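First comes the structure, then the notes that go with it.
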Amino acid sequence: MRKYSSKLVDGKDRAPSRSMLRAVGFNDKDFLKPQVGIASTWSMVTPCNMHINDLAKVATKAIDSNGGKAVNFNTITISDGISMGSDGMRYSLVSREIISDSIEAVVAGEGLDGFISFGGCDKNMPACVMAMLRLNRPSVFVYGGTILPGTYRNKKIDIVSVFEAVGKNANGDMDDKELMQIEKKAIPGPGSCGGMYTANTMACAIEAMGLSLTNSSAQTAISRSKSTDTKNASIALMSCIKKDLKPRDIVTKKSLENAITIVMALGGSTNAVLHLLAIAKEAKLNLSLRDFERIGKKTPVLADLKPSGKYSMAELVSIGGVAPLMKTLVNKKLMHGDCLTVSGKTLAQNLKNIKPYPSKQKIIMPLTSPVKKDGHLIILRGNIAPDGAVAKISGKEGTYFKGKAKVFESEEQCLKTILSGKISKGTVIVIRNEGPVGGPGMREMLSPTSAIMGQGLGDHVALITDGRFSGGSHGFVVGHIAPEAAIGGRLALIKNGDEIEICAVKKEINLLTSKTEISLRLKKLKNKNVKHTNGALTKYARLVSQANTGATTT
């Protein structure tokens with residue numbers, strides 16, 4: 001149980017190491033126990049993570065009471081909701097790499113025998129899992145939990161409500177006073193953004209992968225059940241250390257397929273594609289956009305959850321969370337029940353005693369009456385995206401759009417035009433040079449997509465980009481276009497007024513221009529210069545892969 005820590009603290013020559021550790025609370029007996037990291041992503045920069053240290057304290061006590069010696073450390077987080085629409089959002093996806101690197105550095109550098117990691121926001125969650133798989137030491141993930149919805153005029157609201165209110169205000173459909181009221185009431189306290197946005201999507205995917213306990217994904221941040229989940233996860237981790245049960249024993253191609261299936265069934269975020277590709281790479285497994293296509297064909301959307309649907313994650317929690325859905329999918333052979341989990345049992349064994357949803361609930365539809373008969377995450381190819389792009393088609397936007405391009409070289413240019421009312425119906429908005437390299441950082445586009453919805457244009461325009469979308473985005477949107485414009489991708493060829501066709505049935509996105517014209521434009525094309533000349537963004541731009549392989553730097 002002391003495979004790593006013994007090398008740092010055993011023997012006379014390790015006296016200096018023990019001396020340092022005594023100063024942080026170790027006693028003689030502690031040197032004989034496995035050292036267990038408590039990787040906290042606590043931060044006061046966002047409500048998503050503001051309560052994480054309270055959970056870390058629960059984990060510390062549980063580890064210390066069950067034969068281990070807890071070693072607490074912290075890492076960073078970036079708030080997407082705060083940085084959205086600004087230059088700061090360039091650091092969001094970059095932070096995923098920084099967080100996973102920092103957890104790796106501490107666990108490996110300090111010789112920890114295992115660790116429990118806490119995530120509460122979009123990028124620190126996949127980052128924790130990436131570090132778990134890279135290190136491949138016994139480890140368990142705990143989700144910080146979803147936020148409770150805010151309330152305004154007897155209607156449940158959340159952060160996306162605020163973004164869309166900005167569009168309504170700009171359009172003259174909402175006055176400044178009402179905008180202020182929504183701003184004040186949308187975020188009532190701790191927890192991750194409350195729909196099936198990226199954080200809740202990834203929490204469910206991580207549970208389906210087997211790296212967290214049953215229904216860890218479906219508990220509110222301030223609930224007693226979340227503290228209980230943390231305690232139980234800590235006990236499970238000690239068992240994993242004893243058995244030497246490691247993340248790569250758990251995460252297999254089949255468990256990744258389970259993760260994709262639950263994301264499809266829940267109508268989850270497009271970011272899950274990016275993160276699951278990155279997670280698979282750390283697990284040394286082959287996963288590609290083809291796998292999302294294959295699984296999407298047979299997996300229906302069953303959840304009526306925000307942003308496309310009606311209900312919040314807290315309301316799903318109230319009817320039993322995701323476990324009853326997983327049990328249904330396992331029973332119908334849509335998920336693999338024989339996959340091992342951190343509990344030491346298989347997924348099917350974990351779900352054996354889970355009760356079905358209440359008969360009158362309307363959040364999770366039966367397989368016989370799905371929200372959409374197949375997956376909502378559509379992988380598009382074509383002359384604009386030869387290496388792939390990701391569309392989020394819930395079924396409410398239709399499956400086909402053709403319109404004339406209006407091109408923007410950045411998100412800011414686009415948002416200003418939308419808010420000034422200068423986007424007409426039938427437009428395909430093109431935002432380019434926002435990819436992993438061109439951004440750098442592949443910013444999310446919740447501000448423009450929400451402004452489009454707020455101005456009532458959701459059914460009348462499409463938006464395509466080499467950037468990405470928040471889990472809160474909805475409408476006819478296509479992101480992750482690869483290769484990106486900045487490295488010579490076809491998105492860079494588009495001019496104002498060009499006709500663009502998007503077809504979710506044929507799974508294509510095409511510039512309706514002759515091959516001769518495209519060839520002429522390609523000859524004149526030059527790669528864009530990176531926008532930053534020093535710091536983390538420049539380093540990221542030099543190392544990062546394209547979106548179709550997860551935008552990773554390892």
Side-chain angles (χ1 to χ4, degrees), residues 44-51 78-89 92 121-122 146-200 220-222 305-315 396 408 410-425 427 429 443-461 463 469-475 477:
M44 287 302 289
V45 304
T46 171
C48 307
N49 290 58
M50 63 187 287
H51 63 300
I78 302 291
S79 170
D80 291 2
I82 296 171
S83 63
M84 194 75 67
S86 77
D87 204 52
M89 173 50 82
S92 171
C121 199
D122 296 15
T146 188
I147 197 172
L148 292 171
T151 305
Y152 176 67
R153 292 181 177 174
N154 297 318
K155 181 180 178 182
K156 291 182 174 67
I157 60 173
D158 60 14
I159 186 61
V160 176
S161 308
V162 187
F163 277 99
E164 293 185 0
V166 172
K168 291 177 181 178
N169 177 260
N171 201 37
D173 296 330
M174 179 183 292
D175 62 27
D176 292 352
K177 184 178 179 181
E178 187 173 359
L179 175 60
M180 178 63 75
Q181 288 300 308
I182 291 173
E183 173 190 326
K184 288 182 176 180
K185 296 181 178 181
I187 312 294
S192 301
C193 298
M196 191 46 63
Y197 310 145
T198 303
N200 284 318
T220 57
I222 60 173
L305 293 165
K306 293 181 177 182
S308 298
K310 299 177 184 177
Y311 299 100
S312 68
M313 186 66 176
E315 289 168 298
K396 298 179 180 179
F408 299 93
S410 71
E411 179 186 3
E412 286 89 348
Q413 289 180 5
C414 176
L415 182 60
K416 185 177 179 180
T417 302
I418 294 170
L419 293 177
S420 64
K422 294 179 181 178
I423 297 293
S424 57
K425 293 180 180 180
T427 299
I429 298 169
R443 287 192 289 181
E444 289 182 356
M445 306 289 172
L446 182 56
S447 293
T449 60
S450 295
I452 287 167
M453 300 304 291
Q455 294 211 334
L457 291 170
D459 295 331
H460 306 291
V461 303
L463 192 156
F469 297 107
S470 163
S473 292
H474 56 124
V477 297

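The structure presented is a predicted model; accordingly, all values stated were derived computationally and were not measured.
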Contacts of [X] that satisfy side-chain hydrogen bond (donor to acceptor under 3.5 Å, both in side chains) - sequence neighbours left out:
{"X": "S79", "answer": "none"}
{"X": "D122", "answer": "none"}
{"X": "T151", "answer": "none"}
{"X": "Q413", "answer": "none"}

In Å, rounded to the nearest 0.5 Å, how long is the span from [atom1] of [X] to [atom2] of [Y]?
{"X": "N200", "Y": "C193", "atom1": "CG", "atom2": "SG", "result": "8.5 Å"}
{"X": "L419", "Y": "N171", "atom1": "CG", "atom2": "CG", "result": "9.5 Å"}
{"X": "C48", "Y": "I82", "atom1": "SG", "atom2": "CD1", "result": "8.5 Å"}
{"X": "I182", "Y": "N169", "atom1": "CD1", "atom2": "CG", "result": "9.5 Å"}
{"X": "S410", "Y": "L415", "atom1": "OG", "atom2": "CG", "result": "9.5 Å"}
{"X": "E411", "Y": "D87", "atom1": "CD", "atom2": "CG", "result": "10.0 Å"}

Looking at every heavy atom in both [X] and [Y], which two are closest together, and how far apart are they?
{"X": "V162", "Y": "A186", "result": "CG2-CB, 3.4 Å"}
{"X": "A221", "Y": "P190", "result": "CB-O, 3.7 Å"}
{"X": "S192", "Y": "T146", "result": "O-OG1, 3.5 Å"}
{"X": "I147", "Y": "P188", "result": "CD1-CD, 3.9 Å"}
{"X": "N49", "Y": "C121", "result": "OD1-CB, 3.4 Å"}
{"X": "L463", "Y": "P448", "result": "CD1-CB, 4.2 Å"}

Residues in side chain to side chain contact (heavy atoms under 4.5 Å, CB included) with [X], at least two apart?
{"X": "M84", "answer": "D80, M89, F163, E444, L446, S447, S470"}
{"X": "T417", "answer": "K406, F408, K422, I423"}
{"X": "A314", "answer": "L148, P149, T220, S312"}
{"X": "K185", "answer": "Y152, I157, Q181"}

*Would you list the pairs meeting salt bridge (charged side-chain N to carboxylate O under 4.0 Å, His left out) in which at least one residue belongs to residues 164-173, sequence neighbours left out?*
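Sorted result for residues 164-173: empty, none.
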
*Taking side chain as C-beta onward, heavy atoms only, is I159 less than 4.5 Å from I187?*
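Side-chain contact under 4.5 Å: yes.
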
_Side chains of Y197 and K306 in contact at under 4.5 Å (non-hydrogen atoms)_ =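 When only atoms from C-beta onward are counted, K306 and Y197 do touch, with a gap below 4.5 Å.
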
*salt bridge (charged side-chain N to carboxylate O under 4.0 Å, His left out) partners of E178, counting only residues at least two apart*: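 Here the qualifying residues are R153.
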
*Take L457 and T427 through the side-chain contact (heavy atoms from CB on, under 4.5 Å) test and state the conclusion after the steps.*
CA-CA 10 Å; L457 291 170; T427 299; over 6 Å; no

*asked:* Under the side-chain hydrogen bond (donor to acceptor under 3.5 Å, both in side chains) definition, can you give me all pairs with a residue in residues 449-461, not counting sequence neighbours?
replied: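 Passing the test, one end in residues 449-461: T449-S473.
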
*Counting only heavy atoms not in L179, do more than 12 sit closer than 6.0 Å to its CG atom?*
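Yes, the 6.0 Å shell around CG holds more than 12 heavy atoms from other groups.
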
*Mark yes or no for whether R443, through its side chain, and S86, through its backbone, hold a donor-acceptor pair below 3.5 Å.*
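Yes; judged by distance alone, with no hydrogens or angles, the pair exists.
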
